[in-house]
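Encoded as structure tokens, the structure appears first; notes follow it.
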There are 2 protein chains.
Amino acid sequence: MKKDNDIELSGVKEIARRANVSIATVDRVIHNRSGVSKKTKDNILAIIQELDYKPNILARRLASKKILHFAVLIPAISQETEFWQAPLNGIEQAESELKQYGIIIEKYFFDQNDRSSFVDQASKILKNKVDGILVAPSFIEESLEFTKSCQELKIPYVFINSDIPNQDSLCYIGPDLFHSGYLSAHLANYTVEKNGKILIINISKEIDNYHHLLRKEEGFRAYFHDNNSSNGIIKADIRQTDYNSVAAELNEVLMVHPDVKAIFVTNSRVFSVAQFLEGSSMNNILLIGYDFLKENIQYLQNGNIDFLICQKPQEQGYKGIMALYQNLVLNVAVDKTYYMPIDIITKENHKFYRN
Amino acid sequence: MKKDNDIELSGVKEIARRANVSIATVDRVIHNRSGVSKKTKDNILAIIQELDYKPNILARRLASKKILHFAVLIPAISQETEFWQAPLNGIEQAESELKQYGIIIEKYFFDQNDRSSFVDQASKILKNKVDGILVAPSFIEESLEFTKSCQELKIPYVFINSDIPNQDSLCYIGPDLFHSGYLSAHLANYTVEKNGKILIINISKEIDNYHHLLRKEEGFRAYFHDNNSSNGIIKADIRQTDYNSVAAELNEVLMVHPDVKAIFVTNSRVFSVAQFLEGSSMNNILLIGYDFLKENIQYLQNGNIDFLICQKPQEQGYKGIMALYQNLVLNVAVDKTYYMPIDIITKENHKFYRN
DNA sequence: TCTAATTACGTGTACGTACCCGTAATTAGG
DNA sequence: CCTAATTACGGGTACGTACACGTAATTAGA
């Protein structure tokens, strides 16, 4: 003696009952497969509408043996690019969550100082016939070519950490570079006195990443422009990332401009600047930089770095994979752009921060 | 001709096969039900360990008709307590996600100015026999009594937004008040000059919430103490929350101390201070306060508020419900304390902030 | 030592969906 | 009008887990 009343049952079974057909036929309609007469199909569709039928995702995933392959194409992790450990962690977290639902993630790494490695890995991905791609488009030209192929093969792709607009990516997940620079400028402005100068430092070997840094610099300058106080902004480009090069350049710049009151480093290499300031016992210069790296945190703790701007790199990786999952499995629309929050990390709140 | 090789199958079936028992017996062990000899139980547990068995949540929820009832006990949302809209949103987000898994959430609201309303609602919850509780323990005495009953009934409960330590709650999810004050002090310190005074303002009617505010004040003062610069900290208690009262008190205090350079408001009512400063066109005082309310954001935008400290209230609600879910459904251990990040919101990054 | 109670386990069905396979109904071809 | 091809559909099993029910094995009681 079953009681089905009081609970509104929907589901394929109910649809089948109302349409006087079998479950299999309903299933055919739902998946738009062939083998159903127009008449029954229309009838079933009407009933689906009427019941506002929502498939049970649990049952669907359980019954479907379909395996999806996602590819990830990001920079390899090295001393130079420790940053990418965090997104990778996020990706692996998503991987472990999605594993049991038939999602397999294949990782491809390229060398950020070698465009050809990007091309190599990209073509490997295309050969392996994946269902979705998460890519960090560090090299613009090469990325464009890659995504063009993806479009032809109808493989959705998500950009992470840096965006190439208007490229029909499923979505972009990462920072708004301009505004992170703008915010940094505001922070710097708190300590700037009338005659204090501000120093912007770009530390990067590779030209391609450079536009990334430039965008932050633009934001930084824009703040002072907007507030009519574009007083004394100097800039230093340092094209070698080893400490000695950085120290040498810094030494020179600060010799010429002894009245620098704040330094804005446009990427995570702020720790080498901190190291220099510590060594020169210049501890009255405000120092702002990027990213929650161990080395940076250390200098944050001992007071040489004042602010770190951080944009949840781990979550970027996690969300990137999840966007693919939502699109391909759950068939849900995803936001075209997901800007990460611009977090301000200090000595006092870094212990509570979650990437 | 099935092929099970190359895929590492786990699942109850595999466990049963290895242990030479039926699936039902494995199931009994997994759910710690009776009817299994110690010997087989230990064996099965060992195999579970070895395989690192993770139950398939999809199948589990699909097969289980069990319905769980969670109760939420938080302050009602009013003009006075707009803050609680955000946690409620988070709770409702969790609700919609968990609905299809057979979780029902019942909401109970109390009046933050009326302890008896708390007691009333609490006893209603106990009468309705729920499986888990999320509670904001605003009134300490009454909360203790409530949680004592919960313990007797073996109903797990989660504290949200403010903690009562050592109360055997499943966990606490919310801010670390002390450190948020400490951080605020650091921010304030950037603008403080030698003779500049700093003003701490507590605005609250109700005594109970007051210890909440005090803890922040302690953190704030501690920073200056730790940095040997406990220069000129004044304090004002304002016990009426309407604008006129606030304005009157402020007027008086700032008359006596015209050299105040920074103001720290220990809760979300910072907007009324901002309003006063705007009205008096005193725009060279640094103003720091709490919470991502519409009114506060407005004053942040026009520059009257410099920093807002925010602790993801929406996420607090979401995580609180999820903690119950994880404990009761997934049977996973949850962290005893989950401090929210201490986020710094400014004019520049508030657009990117997610509660 | 025999029966009753208790314990320890296995069998089978259900959850809602996917999809293979078989077959009845229809249409086409001669 | 009969056979072959095609189309339209139903039956049944699987996914991994939960749980009701039945039964064999063990223990207790006298």
Side-chain angles (χ1 to χ4, degrees), chain A residues 1-4 7-45 48 51-68 99-103 329-331, chain B residues 1-4 7-45 48 51-68 99-102 328-331:
Chain A
M1 208 177 87
K2 257 195 226 168
K3 283 205 180 180
D4 277 342
I7 263 275
E8 297 153 47
L9 67 165
S10 85
V12 281
K13 204 187 294 184
E14 173 66 8
I15 298 172
R17 199 185 60 75
R18 296 203 189 195
N20 249 325
V21 296
S22 75
I23 292 178
T25 299
V26 174
D27 189 68
R28 275 183 270 263
V29 172
I30 289 174
H31 291 87
N32 205 24
R33 274 186 245 119
S34 62
V36 185
S37 70
K38 183 165 183 348
K39 196 178 135 193
T40 27
K41 182 170 178 177
D42 288 346
N43 185 29
I44 289 175
L45 284 175
I48 287 179
L51 288 179
D52 187 29
Y53 165 72
K54 295 266 187 294
N56 183 319
I57 314 257
L58 304 183
R60 172 167 287 182
R61 284 307 302 168
L62 185 61
S64 170
K65 279 148 281 213
K66 210 182 285 173
I67 287 184
L68 292 182
K99 195 161 118 193
Q100 62 178 324
Y101 306 131
I103 309 261
V329 178
L330 306 185
N331 210 23
Chain B
M1 207 177 84
K2 258 196 224 168
K3 282 206 180 182
D4 277 340
I7 263 277
E8 297 153 46
L9 66 163
S10 83
V12 281
K13 204 186 295 182
E14 173 66 8
I15 298 172
R17 198 185 60 75
R18 296 204 190 195
N20 248 326
V21 295
S22 76
I23 291 179
T25 299
V26 174
D27 189 68
R28 275 184 269 264
V29 172
I30 288 174
H31 292 85
N32 206 24
R33 274 186 244 118
S34 62
V36 186
S37 70
K38 183 162 185 346
K39 196 176 134 195
T40 29
K41 181 170 180 178
D42 288 346
N43 185 28
I44 290 175
L45 283 175
I48 287 179
L51 288 179
D52 187 31
Y53 166 71
K54 296 264 187 298
N56 184 319
I57 308 193
L58 304 183
R60 170 168 288 182
R61 284 312 303 171
L62 185 61
S64 169
K65 282 146 279 214
K66 207 183 286 173
I67 287 184
L68 291 181
K99 197 159 119 191
Q100 64 178 324
Y101 305 134
L328 286 167
V329 178
L330 307 186
N331 209 25

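To find a chain, count down the sequence lines: A is the first, B the second, and so on, and within it residues start at 1. Hydrogens, waters and symmetry mates play no part in the numbers below; they use all other heavy atoms, side chains included.
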**Q.** Relative orientation of the end axes in the helix from C:dT1-D:dA30 to C:dG30-D:dC1, expressed as an angle to the nearest 10° (five pairs per end)
**A.** 50°

Q. Which of these nucleotides, C:dC20, D:dA14, C:dC15, is closest to any side-chain atom of B:L62?
A. C:dC15

Q | Contacts of type side chain to side chain donor-acceptor pair (under 3.5 Å), residue B:K39, not counting sequence neighbours | A | none

Q | Phosphate-side-chain proximity, B:K39 and C:dA8, N/O vs OP1/OP2 below 4.0 Å | A | no

Q.
Go nucleotide by nucleotide along DNA chain C from the 5' end; which of A:P55 and B:V21 gets its closest nucleotide reached first?
A. B:V21

Q.
Run A:L51 and A:R18 through side-chain contact (heavy atoms from CB on, under 4.5 Å) and show every step you take.
A. CA-CA 10 Å; A:L51 288 179; A:R18 296 203 189 195; 3.4 Å; yes

Q | Between D:dG22 (P) and B:I23 (CD1): distance, integer Å | A | 20 Å

Q) What's the shortest heavy-atom distance between B:L58 and A:L62, and which atoms? A) CD1-N, 4.3 Å

**Q.** Taking every non-hydrogen atom, the tightest pair across B:E14 and B:S10
**A.** CB-O, 3.3 Å

(Q) Pair A:K38, A:N43 - check side-chain hydrogen bond (donor to acceptor under 3.5 Å, both in side chains), show working. (A) CA-CA 9 Å; A:K38 183 165 183 348; A:N43 185 29; over 6 Å; no

(Q) So if I take every side-chain heavy atom of B:A59 and compare against D:dG16, C:dT11, C:dG16, which nucleotide ends up nearest? (A) D:dG16

(Q) If I take atom NZ in residue A:K38 and atom C1' in nucleotide C:dT26, what distance separates them, rounded to the nearest angstrom? (A) 19 Å

Q) If every non-hydrogen atom of B:A16 is compared with every non-hydrogen atom of B:I23, which pair is closest and at what distance? A) CB-N, 3.9 Å

Q. Could you give the CG-to-P distance, from A:N20 to D:dA8, as a whole number of Å?
A. 18 Å

Q. At what distance, to the nearest 0.5 angstrom, does CD1 of A:I15 lie from CG of A:D27?
A. 10.0 Å

Q. Side chain of A:S22: nearest nucleotide among D:dG10, C:dG10, C:dT17?
A. D:dG10

Q) Which residues in residues 27-36 of chain A have at least one heavy atom lying under 4.0 Å from any atom of DNA chain D? A) A:R28, A:G35, A:V36

Q: Please determine, for the side chain of B:A63, which listed nucleotide (D:dC15, C:dC20, D:dA18) has the closest atom?
A: D:dA18

Q. Rounded to whole angstrom units, what separation is found between the NZ atom of B:K13 and the C1' atom of C:dT11?
A. 15 Å

**Q.** Interatomic distance where CG belongs to A:L58 and C1' belongs to D:dA14 [whole Å]
**A.** 17 Å

Q: Provide the closest heavy-atom pair for B:G11 versus B:Y53 in the form atom of the first, atom of the second, distance.
A: CA-CE1, 3.7 Å

Q. Expressed in angstrom and rounded to an integer, what is the separation of A:I48 atom CD1 from C:dT17 atom P?
A. 10 Å

Q. Closest approach of B:K41 and B:V36, non-hydrogen atoms and distance?
A. N-CG1, 3.8 Å

Q) Do the side-chain N or O atoms of B:S64 get closer than 4.0 angstrom to the phosphate oxygens (OP1, OP2) of C:dC15? A) no

Q: Take atom CD of B:E14 and atom C1' of D:dC15, then tell me their distance rounded to the nearest Å.
A: 16 Å

(Q) What's the closest nucleotide to the side chain of B:R60 if the choices are C:dG10, D:dA18, C:dT17? (A) D:dA18

Q: Figure out the CD1/C1' separation between A:I67 and D:dC15, and round it to whole Å.
A: 13 Å

Q: Look at A:T25 and D:dA8 and indicate whether a side-chain polar atom (N or O) is within less than 4.0 Å of OP1 or OP2.
A: no

Q: Return the nearest nucleotide to the side chain of A:S37; candidates are D:dC15, D:dT17, D:dC9.
A: D:dC9

Q | Atom of B:P55, atom of B:R60 and distance for their closest heavy-atom approach | A | CB-NH2, 3.4 Å

Q | Of the listed nucleotides D:dG10, C:dG10, C:dG16, the one nearest the side chain of A:N56 | A | C:dG16

